[in-house]
Amino acid sequence: MARTTRQHKRETTVDQAARWNGPGGQGWIDSQEVLEELFRPLEEVLVVDLPPGDVLDVGCGTGSTTAAIARRPGTRAVGIDVSALMVAAARERGVEAIEADAQTYGFEPAGFDTIVSRFGVMFFADPVRAFGNLRRAVRAGGGARLIVWREPADNPFMTTAERAARPLLPELPERVPDAPGQFGLADPERTGKILAKSGWSDVELAPLDVGLSMPVSELTGYFTRLGPVSRLLPSVPGPRRATIVQTVRAAFDPYVLGSEVRFTAACWLITARAG
């Protein structure tokens, strides 16, 4: 059988904006309550030792982390996200949020003491430019505290849907290493160089492994609304789509314990200083 060569396209800023202002963003909003509870332990890691001051939450999404930061004494929190849909949801909960691309937005120079992000900084088309822009937004001596995913091999739960679906969905694109996306900052050496080149100092990446859980009743909605498989399912004919959903759901069985889905999020906790 002839082997098909796939062309892998690196996503641009325009691609990311289109995704998060379309079905990708709507999927997050539709799953907002589930996702906020799912990632609450990671939010707590970001917020627990955060010093008071002016804080910028990059890729704030629907604003859960931004709101948690804003509740801390002596702290002002501002979120920024490229998704108009999610920024609107964040504002509905009273969060101060900017609808813009943090890679190019004209921040007030040295306007913040700290930047934080929970899975919001892996999507930049030009990460050196993006982190340079964020560095200029932080006062001298300020810091960064960011959580990103480690390698796909360390996070089998996060790739279960696409691995299970691929035999039935050959048009599913393969992930491009280091490309903008979920695992865009998974390589610690590359990520450290990006931050250093962007003007950050004292860059450290510490492994962070956190147990997460969600109700098993939310599992099908989770993988049909979010991730690579969800983006193709709407265009698949009904009977084939039902087979794919059934197959993918079965692949998650190892993570099901009673009424819960449990897995470990393997992340990097990145800290850096604006020298």
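Predicted model, so just to flag it, every value in this text is computed and none were measured.
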Participant: Listing request: all side chain to side chain donor-acceptor pair (under 3.5 Å) pairs with a residue in residues 258-269, at least two apart in sequence or in separate chains.
Facilitator: Glu260-Arg262
Participant: Give the minimum heavy-atom separation between Leu212 and Ala265, together with the two atoms involved.
Facilitator: CD1-CB, 3.6 Å
Participant: Checking the side chain of Asp54 only, and the main-chain atoms of Asp113 only, is there a donor and an acceptor separated by less than 3.5 Å?
Facilitator: no
Participant: Give, for atom CD of Glu189 and atom CG of Leu205, the distance between the pair rounded to the nearest 0.5 Å.
Facilitator: 11.0 Å
Participant: State, with a plain yes or no, whether a side-chain heavy atom of Leu269 is found less than 4.5 Å away from one of Arg145.
Facilitator: yes
Participant: Determine whether Pro173 and Leu232 make a side-chain contact, defined as any pair of heavy atoms from C-beta on separated by less than 4.5 Å.
Facilitator: yes
Participant: Take atom CD of Gln246 as the centre, draw a 6.0 Å sphere, and report whether it contains more than 12 heavy atoms from other residues, nucleotides or ligands.
Facilitator: no
Participant: So Phe263 and Phe157, would you call those rings parallel, tilted or perpendicular, with 30° and 60° as cut-offs?
Facilitator: parallel
Participant: Hey, any chance Leu85 and Val95 share a hydrophobic cluster, counting ILVMFWY side chains that come within less than 4.5 Å of each other, even indirectly?
Facilitator: no
Participant: Side-chain contact test, heavy atoms from C-beta onward, threshold under 4.5 Å: evaluate it for Val116 versus Val47 and give yes or no.
Facilitator: no
Participant: Which pair of heavy atoms, one from Arg175 and one from Pro177, lies closest together, and at what distance?
Facilitator: O-CD, 3.7 Å
Participant: Under a 3.5 Å distance rule, please check whether Thr62 uses its side chain to pair with a backbone N or O of Met86 as donor and acceptor.
Facilitator: no
Participant: Can you run down the side chain to side chain donor-acceptor pair (under 3.5 Å) pairs that involve residues 64-73, sequence neighbours left out, and say none if there aren't any?
Facilitator: Arg40-Ser64, Glu43-Ser64, Asp57-Thr66
Participant: Should Arg136 and Pro109 count as side-chain neighbours, where that means a heavy-atom distance under 4.5 Å?
Facilitator: no
Participant: Looking at Arg190 and Asp178, what are the two nearest heavy atoms and their distance?
Facilitator: NH2-O, 3.3 Å
Participant: As an exercise, state the distance from CG of Leu219 to CZ of Phe252, rounded to the nearest 0.5 Å.
Facilitator: 5.5 Å
Participant: Whether the side chain of Gln103 engages the backbone of Asp126 through a donor-acceptor N/O pair (distance < 3.5 Å, no angle test) should be reported.
Facilitator: yes
Participant: For the backbone of Ala266 and the side chain of Asn155, can you confirm whether one donor and one acceptor N or O come within less than 3.5 Å of each other?
Facilitator: yes
Participant: Considering non-hydrogen atoms only, spot the tightest contact between Thr220 and Arg249 and give its length.
Facilitator: OG1-CD, 3.8 Å
Participant: Do Ile29 and Val87 land in one hydrophobic cluster if side-chain heavy atoms of ILVMFWY residues count as linked below 4.5 Å?
Facilitator: no
Participant: Would you name the heavy atoms of Asn133 and Tyr105 that are closest together and state the gap between them?
Facilitator: ND2-O, 2.9 Å
Participant: Are side-chain heavy atoms of Leu169 and Arg240 found at a separation under 4.5 Å?
Facilitator: yes
Participant: Keeping the roles fixed (side chain from Trp200, backbone from Phe131), state whether a donor-acceptor pair exists under 3.5 Å.
Facilitator: yes
Participant: One pair to check against side-chain contact (heavy atoms from CB on, under 4.5 Å): Ile115 and Arg135. What are the steps and the verdict?
Facilitator: CA-CA 9 Å; Ile115 65 166; Arg135 163 63 188 87; over 6 Å; no
Participant: Working to the nearest 0.5 angstrom, can you tell me the gap between Gln32 CD and Glu37 CD?
Facilitator: 11.0 Å
Participant: Measure across Pro234 and Arg241 and return the closest heavy-atom pair with its distance rounded to 0.1 Å.
Facilitator: O-NH1, 4.1 Å
Participant: Spell out, yes or no, whether Leu146 and Val58 are grouped together once hydrophobic residues are joined by side-chain heavy atoms under 4.5 Å, including indirect joins.
Facilitator: yes
Participant: Which of these, Thr243, Val245, Ile244, sits in a side-chain contact (heavy atoms from CB on, under 4.5 Å) with Thr247?
Facilitator: Thr243
Participant: Which is it for Leu168 and Val248 under the side-chain contact (heavy atoms from CB on, under 4.5 Å) test, yes or no, and what are the steps along the way?
Facilitator: CA-CA 10 Å; Leu168 303 172; Val248 171; over 6 Å; no
Participant: Going from CD1 on Ile80 to CD on Glu96, what distance comes out if it is rounded to the nearest 0.5 angstrom?
Facilitator: 11.5 Å
Participant: Atom CG in Leu35, atom CD in Glu218: separation rounded to 0.5 Å?
Facilitator: 9.5 Å
Participant: Are Asp187 and Glu151 packed together at the side-chain level, in the sense that at least one heavy-atom pair is separated by less than 4.5 angstrom?
Facilitator: yes
Participant: If hydrophobic clusters are built by linking Ile, Leu, Val, Met, Phe, Trp and Tyr wherever their side-chain heavy atoms come under 4.5 Å apart, do Leu185 and Phe39 end up in the same one?
Facilitator: yes
Participant: Which value, rounded to the nearest 0.5 Å, describes the distance between Thr224 atom OG1 and Arg231 atom CZ?
Facilitator: 13.5 Å
Participant: Please report the C-alpha distance between Arg150 and Asp209 in whole Å, then the side-chain angles of each, then the deciding distance to 0.1 Å, and finally whether the side-chain contact (heavy atoms from CB on, under 4.5 Å) criterion is met.
Facilitator: CA-CA 10 Å; Arg150 297 208 308 267; Asp209 296 277; 3.1 Å; yes
Participant: How about Val210 and Cys267: do any of their side-chain heavy atoms sit closer than 4.5 Å?
Facilitator: no
Participant: Between Arg163 and Pro156, is there a donor-acceptor pair closer than 3.5 Å when you use the side chain of the first and the backbone of the second?
Facilitator: yes
Participant: In sequence, state the C-alpha distance, the side-chain angles, and the governing distance for Leu42 and Leu208, and then conclude on side-chain contact (heavy atoms from CB on, under 4.5 Å).
Facilitator: CA-CA 9 Å; Leu42 294 167; Leu208 176 67; 4.1 Å; yes
Participant: So does Val45 get a backbone contact from the side chain of Arg118, meaning a donor-acceptor N/O pair under 3.5 Å?
Facilitator: no
